[in-house]
Amino acid sequence: MTIRSAFLLLLANLGLSAIVIGAEPSLAHRPNILLILPDQWRGMDLGCMGNAEVRTPHLDRLASQGVLFRNTFANTPVCCPARAILLTGKYPHKNGMVANDLRLRESETTLAEILDKAGYRTGFIGKWHLDGGKRQPGFVPPGPRRQGFEYWAASECSHTHFHPTYFLDTDRPITEDRFEPEVWTDRAIEFLGQGGDAPFFLVVSMGPPHDPYGAPEKFMNLYDPARLTLRPNWEGNDPGAARKQLAAYYAAMTAVDEQVGRLMEALEDSGRAKDTIVVFTSDHGDMLGSQGQRLKRKPWEESIRVPGIVRYPARIEAGRTLDALLSHVDLAPTLLALSGLPAPAGMQGTDLSWVVLGTTDRGPDSAFFQIFVPFAGDGTPHPWRGIRTDRWMYARTEAGPWVLYDLEEDPYEQKNLARDPAHANELASLESRLNDWMERTDDAWSNNSMEPVEDKGRLYRFETFTTIAEYLEWAEEHPELAPKD
């Protein structure tokens, strides 16, 4: 290993961002960035990740043309916090998004704002889910609440996958009777055809495969539920119903995959594919009955693991597959580094551009996870913190250890070792490393709340809140409106 590589590895293991060395490229030579962000797509469900039952030919091809990060993770595996992490490069207790349906503070510095100031044309298409307050109709006016995005074809949050409504620069709703990813892809292709030679940063945020699961009939017909395999850690009383749900989930994935193919073709036709960084990931995964659990917010692989594909033909060697740990918080500083721009001092993620470019294949030695509030709606009983290494997954609540898995011996996490005396030393070591993560990121158990603020639409039914404290104050002043358990 070279001295430079060793130094970069040390920075990565410390969770620090390396400074991009060398002259800053001119605006004309900065790469474009296309971030494709479907909702609730768990990382193991891609053909290139070894799932032989789901059909993702375009994404498999994309992975073969760039680098596939097999270990890509959502630090806070739930919609709004994950999206805020991706844009700010900061953990939720720092950017304020500790619960679903809060508003991302306008004072936060986002990736879009940085790129906009650097001369990029910025665009956002699809599901936003960062504005807080009422989810529908979902209009976000031009200005600071768009967090640096100039072009806008989006709405807050609806999950009406076959009847999407969105807005441009006025509050006049645009509704289309088509499958949502088709609409977003059309808008994205229009964006790619505009703007001349200026570099662009475009986010295409697709709702599927998020529940309600499903896709147009031609995709549903591709999957026979009876032929699908449930994961070995699936638990439940009705495997037939679970396979039907899985078939609909896979159908939505294949439908999104087709739109990714359209996007890549349009990018190629534009002549800008070589100089465009394409990132494909998701905000979180989906338990789908594994561990007897549903949806997200959990410390298990089905919830925290997301897709991780990066293609950049001008600088990335095609066909690389890496086991390096990459998490949401790392993407913003990494993309800035690849664009020749420094990350703001407040960003907490690791610059992994050196890993992307092949200087080293070693990233951070662990990833850090946080959930700050309970949610009865998907069976998340308490806040928790966790750490994932290449071999171990450990999570605890404030009260004590919760789960410990040896992923090398038990990849489906079926044997919880948290109370196994034979693994006391390993638990103690991971506990120490988790404490280090909390100290390094300035996290504390006091950042949690046991108030059920995410249940019964508390944070979006009536008003807009940027903190849990604001909601609790409002609820005390409006006892006739605040939901009761």
Taking all heavy atoms of [X] and all of [Y], pick out the closest pair and write down the distance.
{"X": "Gly119", "Y": "Ala198", "result": "O-CB, 4.4 Å"}
{"X": "Arg145", "Y": "Trp128", "result": "O-CZ2, 3.7 Å"}
{"X": "Thr350", "Y": "Pro333", "result": "O-CG, 3.9 Å"}
{"X": "Cys48", "Y": "Leu68", "result": "O-CD2, 3.5 Å"}
{"X": "Trp437", "Y": "Ser366", "result": "NE1-OG, 2.7 Å"}
{"X": "Asn416", "Y": "Val403", "result": "OD1-CA, 3.4 Å"}

Any Lys/Arg nitrogen of [X] or [Y] sitting under 4.0 Å from an Asp/Glu carboxylate oxygen of the other?
{"X": "Arg30", "Y": "Asp275", "value": "no"}
{"X": "Arg262", "Y": "Glu182", "value": "no"}
{"X": "Arg294", "Y": "Asp211", "value": "no"}
{"X": "Arg187", "Y": "Glu176", "value": "yes"}
{"X": "Arg55", "Y": "Asp257", "value": "no"}
{"X": "Arg231", "Y": "Asp45", "value": "no"}
{"X": "Glu258", "Y": "Lys218", "value": "yes"}
{"X": "Asp406", "Y": "Lys415", "value": "no"}
{"X": "Asp378", "Y": "Lys296", "value": "no"}

Does [X] reach the main-chain N or O of [Y] with its side chain, forming a donor-acceptor pair under 3.5 Å?
{"X": "Asp116", "Y": "Gly148", "value": "no"}
{"X": "Asn95", "Y": "Lys90", "value": "yes"}
{"X": "Ser282", "Y": "Gln40", "value": "yes"}
{"X": "Gln291", "Y": "Tyr412", "value": "yes"}
{"X": "Ser290", "Y": "Glu302", "value": "no"}
{"X": "Thr110", "Y": "Glu113", "value": "yes"}
{"X": "Glu156", "Y": "Asp131", "value": "yes"}
{"X": "Asn75", "Y": "Phe369", "value": "no"}
{"X": "Ser64", "Y": "Gly319", "value": "no"}
{"X": "Arg83", "Y": "Lys127", "value": "yes"}

Does some side-chain heavy atom of [Y] sit less than 4.5 Å from a side-chain heavy atom of [X]?
{"X": "Ser303", "Y": "Arg297", "result": "no"}
{"X": "Leu130", "Y": "Gln147", "result": "no"}
{"X": "Arg385", "Y": "Asn447", "result": "yes"}
{"X": "Arg396", "Y": "Leu404", "result": "no"}
{"X": "Asp186", "Y": "Phe191", "result": "no"}
{"X": "Val67", "Y": "Glu317", "result": "no"}
{"X": "Arg388", "Y": "Leu407", "result": "yes"}

Close aromatic pair by centroid cut-off 6.0 Å: [X] and [Y]:
{"X": "Phe368", "Y": "Tyr91", "answer": "yes"}
{"X": "Trp41", "Y": "Phe280", "answer": "yes"}
{"X": "Phe201", "Y": "Phe149", "answer": "yes"}
{"X": "Trp402", "Y": "Trp300", "answer": "yes"}

- prompt: Between Thr334 and Asp330, is a side chain to side chain donor-acceptor pair (under 3.5 Å) present by the stated rule, with each step listed?
  reply: CA-CA 6 Å; Thr334 298; Asp330 304 323; over 6 Å; no
- prompt: Above 12 or not: heavy atoms from other molecules or residues under 6.0 Å from CG of Asp224?
  reply: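 Yes, CG of Asp224 has more than 12 neighbouring heavy atoms, counting only those of other groups under 6.0 Å.
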query: Has Gln414 got more than 12 heavy atoms of other residues, nucleotides or ligands less than 6.0 Å from its CD?
result: yes
message: Before you tell me yes or no, could you show the steps for Ile125 and Ser205 under side-chain contact (heavy atoms from CB on, under 4.5 Å), namely the whole-Å CA-CA distance, both residues' side-chain angles and the distance that decides it to 0.1 Å?
response: CA-CA 6 Å; Ile125 296 170; Ser205 176; over 6 Å; no
query: Which of parallel (below 30°), tilted (30 to 60°) and perpendicular (above 60°) describes His93 and Phe372?
result: tilted
